[in-house]
Chemist: 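The structure that follows is given in the form of structure tokens.
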Amino acid sequence: MRIGVLALQGAFAEHIKKLDELDVESFEIRQLGDIKKPFDGLILPGGESTVMGKLLRDLELLEPLKALICDGMPVFGTCAGLLLLAKDFSGEGTPVFSSMDIKARRNAYGRQLGSFCANADFLGVGNIQMTFIRAPYIESAGADVTVLSETGGHIVAATQGKQLVTAFHPELNEGHGIHKYFLEELR
Ligand code: GLN
């Protein structure tokens, strides 16, 4: 199994470290040439979704990656990665891959609560600690979307087909539960 991690910007190294710890082969996606060889899954890390969207366009990675996602390649988006996959936004935000039937609220917790931790249940994984950094949440989700976790009255993790999104950063916390959940989806 080979996982491509979008490495244009943001917290990609932490995802690669989690995959290393699970003995899963990964590689960085920085340019078009990096996705020429086949691979089995894609991780979109946290960072700044507007910057990643622009770089994806400039580097001509947007359309080929979108085609892979739409063809059913398993994809895991964390925080900014969630925003890259969202079809719709309440407030600011521009669709990028626009492949997942969720309405996201960008920078949903405002400046006062820029970063925080919470403990919440994640369906199929159990109670975990979640780190939120200028995070979005999912305001509403379509009928084909399964909600995996809610905290503070908001949806913070969901799945649709082979797409998995979390508003928080599992790559920054101890444990491998969420990465394992994603890898299970691939099998
Ligand atoms: N606020 C960022 C954005 O809008 C997301 C933050 C994150 O990925 N930690 O893209």
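When reading the values below, keep in mind they use all heavy atoms of this one structure, side chains included, and skip hydrogens, waters and symmetry mates. Whatever order the structure lists ligands and atoms in, that order sets their numbers, starting from 1. Note that this is a predicted model, so its numbers are computed, not measured.
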Chemist: Taking only Lys NZ, Arg NE, NH1 and NH2, and the carboxylate oxygens of Asp or Glu, determine whether K18 and E171 approach each other closer than 4.0 Å.
Modeler: no
Chemist: Residue by residue, ordered by chain and number, which ones reach under 4.0 Å of ligand 1 with a heavy atom?
Modeler: G46, G47, E48, S49, C79, A80, L83, R106, N107, I133, R134, H169
Chemist: Taking the six-membered ring for Trp, is the centroid-to-centroid distance between Y181 and F76 below 6.0 Å?
Modeler: no
Chemist: Could you pull out all residues at least two apart from R105 that satisfy salt bridge (charged side-chain N to carboxylate O under 4.0 Å, His left out)?
Modeler: E139
Chemist: Kindly state each residue pair satisfying side chain to side chain donor-acceptor pair (under 3.5 Å) with at least one member in residues 147-159, sequence neighbours excluded.
Modeler: T159-E185
Chemist: For T78, check side chain to side chain donor-acceptor pair (under 3.5 Å) against everything at least two apart and list the hits.
Modeler: H15
Chemist: Is E184 salt-bridged to K162, cutoff N-O under 4.0 Å?
Modeler: no
